[in-house]
Amino acid sequence: METQRLRIAMQKSGRLSQDSQALFKSCGLKINLREQRLIAHVENMPIDILRVRDDDIPGLVMEGVVDLGIIGENVLEEVQLIRASQGQPFAVKTLKQLDFGGCRLSLAVPDDVNYTGPESLAGKRIATSYPGLLGRFFAERDIPFKSVMLGGSVEVAPRAGLADAICDLVSTGATLEANGLKEVEVIYRSKAVLVQAPNPLSDAKQKLIDKLLPRIQGMQQARE
Ligand code: ATP
Ligand code: ZN
């Protein structure tokens, strides 16, 4: 059954949580986010906020379980690539790129490795949580490599002897440095985006979204 309240998914805890919450606040949403709650009701508008793992957000939006979501482009693009490789469609509407969540997906190699370009990694093992984006980068260059899929702790893989290089998210580079790695190639630049479910929403919900979008636009312009 479709609820009348607009449902928005955000990351429960992690790098996008604080900024997502601040964005809602700046749009005038009054939210009481009690720690362990999955759903928070907005007090002054017909909106519910769903707090989940970021990886769940593309699926929830695509299926229309929620109407909107805030998610990193890196996750969105990865899900799309993986689904495409399995012959499954993936469609969500990107409403707006947001001014937070900035990071890059980069290749990094041990400090003492002489890197002269992507071909330096031909035939090597590369650990990543983003096999889709990594695979596309090397496929476009016709360079063979071996993907080592790791859900976490990617940066320790070379030292542990699991991989020759890594492909991981970077913002400052401090984590790489701490693990004796150097960033050698940026393969994807990402920010958080606001996405909408592919199917048309009720007039009331769409009107609410049309009212929120200019507020987000205004907020971001003011911050520039
Ligand atoms: P969850 O528990 O929700 O699955 P997570 O560990 O997968 O969390 P985070 O590390 O919180 O995710 O990152 C969420 C998103 O924040 C990333 O997908 C990316 O879009 C963005 N991000 C911004 N800076 C960084 C960074 N330095 N490292 C990783 N992600 C970053
Ligand atoms: Zn995640």
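When a residue number appears, it is its place in the shown sequence, counting from 1. Order of listing sets the numbers, starting from 1, for every ligand and every atom in it.
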| request: Could you tell me if any non-hydrogen atom of Gly152 lies under 4.0 Å from any atom of ligand 1? | output: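 No, Gly152 has no heavy atoms under 4.0 Å from ligand 1.
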| message | In the structure I gave you, are the side-chain heavy atoms of Leu76 and Ile57 within less than 4.5 Å of one another anywhere? | response |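 Leu76 does not reach Ile57 side chain to side chain.
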| Can you find a pair of side-chain heavy atoms, one from Leu50 and one from Asp48, that are under 4.5 Å apart? |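 A side-chain contact is absent here, since even the closest heavy-atom pair is not under 4.5 Å.
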Please list, in number order, the atoms of ligand 1 under 4.0 Å from a heavy atom of [X].
X      : result
Val75  : 18 (O)
Gly102 : 23 (C), 24 (N)
Gly14  : 11 (O)
Gly101 : 21 (C), 23 (C)
Leu16  : 15 (C), 16 (O)

| Which residues and atoms, protein N, O or S only, are under 2.8 Å from the Zn ion (ligand 2)? |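 Listed by chain and number, the atoms are Asp54 OD1, Asp55 OD1.
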Minimum-distance protein heavy atom relative to [atom]:
atom                    : value
atom 2 (O) of ligand 1  : Arg53 NE, 3.5 Å
atom 18 (O) of ligand 1 : Asn74 ND2, 2.9 Å
atom 27 (N) of ligand 1 : Ser171 OG, 2.6 Å
atom 30 (N) of ligand 1 : Leu169 CD1, 3.3 Å

Any idea which heavy atoms bring [X] and [Y] closest together, and the distance?
X      : Y      : answer
Val61  : Pro198 : O-CD, 3.6 Å
Ala9   : Val52  : CB-CG2, 4.5 Å
Pro131 : Thr128 : N-CG2, 3.7 Å
Ser129 : Gly152 : OG-N, 4.3 Å
Arg5   : Met45  : NH2-O, 3.6 Å
Phe145 : Leu121 : CB-O, 4.2 Å

| Among Gly173, Gly72, Cys103, which residue places a heavy atom closest to atom 19 (C) of ligand 1? |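 The option holding the nearest heavy atom is Cys103.
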| request: Give the single entry among Arg15, Met10, Gln11 that approaches atom 26 (C) of ligand 1 most closely by any heavy atom. | output: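 Nearest option to atom 26 (C) of ligand 1, by heavy atoms: Arg15.
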| field | Neighbour count >12 (heavy atoms, 6.0 Å) for atom CD, Gln18 | value |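 Atom CD in Gln18 is not packed in, count stays at 12 or less.
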| said: So, applying side-chain hydrogen bond (donor to acceptor under 3.5 Å, both in side chains) with Asp67, which one of Lys205, Arg7, Gln196 is it? | reply: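 When side-chain hydrogen bond (donor to acceptor under 3.5 Å, both in side chains) is applied between Asp67 and each of Lys205, Arg7, Gln196, only Lys205 qualifies.
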| request: Could you walk me through whether Asn74 and Glu78 pass the side chain to side chain donor-acceptor pair (under 3.5 Å) test, one step at a time? | output: CA-CA 6 Å; Asn74 54 310; Glu78 178 68 19; over 6 Å; no
| request: Taking atom 6 (O) of ligand 1 as the reference point, report whether a protein heavy atom occurs under 4.0 Å from it. | output: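 Within 4.0 Å of atom 6 (O) of ligand 1, no protein heavy atoms are found.
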| query | Taking N or O atoms only and a 3.5 Å limit, does Ser190 qualify as a polar contact for ligand 1? | reply |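 No, Ser190 has no N/O under 3.5 Å of an N/O on ligand 1.
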| task | Assess the side chains of Ser13 and Ser17: does a donor N or O sit below 3.5 Å from an acceptor N or O? | result |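 Ser17 and Ser13 do not have a side-chain donor-acceptor pair below 3.5 Å.
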| task | Begin with the C-alpha distance, continue with both residues' side-chain angles, and end with the deciding distance and a verdict on side chain to side chain donor-acceptor pair (under 3.5 Å) for Glu155 and Thr175. | result | CA-CA 8 Å; Glu155 66 284 354; Thr175 306; over 6 Å; no
| said: Please classify the Asp54 to ligand 1 contact at 4.0 Å (heavy-atom distances, strictly less than): side chain, backbone, both or neither. | reply: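 Both of them.
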